[in-house]
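Accompanying notes for the structure given below.
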Amino acid sequence: MLPSIEWKNSKVYMIDQTLLPFELKHLELDNFRDVATSIKVMNIRGAPAIGVAAAMGMALASIEYKELPKEKFLEKMEEAANIIKSTRPTASNLFWAVNRIWNIVSTYPDHPTIISDLVIEEAKLMAQEDINVNKNIGKHGASLLSNDDVVLTHCNAGSLATVQYGTALAPVRAAIEEGKQIKVIADETRPRLQGARLTAYELQYDKIPVKVISDTSSGLLMYLGLINKVIVGTDRVTSDAVFNKIGTYLVALAAKENNIPFYVAAPTSTLSLNENVRDVTIEQRDSREVSHVLGKLQIVPDGVDCLNYAFDITPFKLVTGIITEDGVFNPKELIKRYK
Ligand code: MRU
């Protein structure tokens, strides 16, 4: 799979995911404002990919401001950090990544030109780390999958949602690399259709069997015994729940009712265990994403408003296991290990 985002010659290159599956086009960005916009309008999306984009955005800001006197440099970098952090409120990785870069910016005593070099190196390291973390999630998650399993996933927590390899799709990739036959069912994931457009695209690209279903079908498929496991990604894990794409909660309820294991793939950069559900802002996006399919075809009568919560909350009691780069943990074990 192609990397979703790359740093090359002091520029950020990212696949424009709003155009998939119809067109594979890269955006070339040379300033942090454009990176912030690309996160906001979802040219790039998925918690880990957003995190790496944010870090690279900070790297671009450091290049732009590195000739300023130190005090002014710090002021401008803080401004850039705030602009990047204001793009999307729910995914932990965004804040985790900006804070990790800010730590370097605010603590190193050196001249801004040297700090800028350090920031660029850190952003590149974070991109590489993301791939390594996902491969480890894959290795641990593959042990949960048996030959001939059919895995349901929601939204896109694959290669496109990370730098490469994915989180929820990593166990599928790893199990197939181990020689197991695995098939994927992808929820279409209204309203932005990440399942239909992106999960289906990347799995087809990598020749992994996938079928897309409407979001309303997963309960029936579970009832009929056509799904063995559910694996989803996450935007934030608090001390009591998992935040992920809207619709995840209903999938978890149906899985519980049908005794199907419900797993969440979560890099530790997504853990926010000192928070609980009340601390988290669930992003609400433009109602037009619901009233118009792909921003074009209007399906709701004129004058009727829509609600568009982008994420929902799945309480820990519905979660069988959380797969991190270190292993598979039930929620209690996760808290014990990382809090
Ligand atoms: O709105 P999106 O497309 O950014 O939402 C993405 C998801 O909900 C993913 O499941 C989550 O970020 C995990 S990605 C590895």
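Note that this is a predicted model, so its numbers are computed, not measured. One-based numbering, in listed order, for ligands and for the atoms of each.
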In the protein, what heavy atom is nearest to [atom], and what distance, to one decimal place, separates them?
{"atom": "atom 5 (O) of ligand 1", "result": "K245 CE, 3.3 Å"}
{"atom": "atom 10 (O) of ligand 1", "result": "N244 OD1, 2.6 Å"}
{"atom": "atom 15 (C) of ligand 1", "result": "T167 OG1, 3.0 Å"}
{"atom": "atom 14 (S) of ligand 1", "result": "A161 CB, 3.5 Å"}

In one Ile/Leu/Val/Met/Phe/Trp/Tyr side-chain cluster, 4.5 Å: I120, I115: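 Yes, it is one cluster - the side chains of I120 and I115 are joined through contacts under 4.5 Å.
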Is it possible for you to say whether Y205 and L19 belong to one hydrophobic cluster, with membership spreading through side-chain heavy-atom contacts below 4.5 Å?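 Unlinked, Y205 and L19 end up in two clusters.
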Do the numbers put K256 on top of the ring of F262, so that NZ or CZ is under 6.0 Å from the six-membered ring centre and no more than 45° off the axis? no
Judged on heavy-atom distance to atom 2 (P) of ligand 1, which of R88, R192, Q17 sits nearest?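 It is R88 whose heavy atom sits nearest to atom 2 (P) of ligand 1.
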Quick one: which of D312, V242, T199, D235 has a heavy atom closest to atom 11 (C) of ligand 1? D235
Side chain, backbone, both or neither: which applies to T234 and ligand 1 if a contact is any heavy-atom pair less than 4.0 Å apart? backbone
Step by step, would you call E129 with K124 a salt bridge (Lys or Arg N to Asp or Glu O under 4.0 Å)? CA-CA 9 Å; E129 274 179 14; K124 290 201 299 204; over 6 Å; no
Look only at the side chain of E202 and the backbone of L160, and say whether a donor-acceptor pair between them is shorter than 3.5 Å. yes
Can we say E188 and R190 salt-bridge, meaning some charged N sits less than 4.0 Å from an Asp/Glu carboxylate O?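 Not counted as a salt bridge, because no side-chain N and carboxylate O are separated by less than 4.0 Å.
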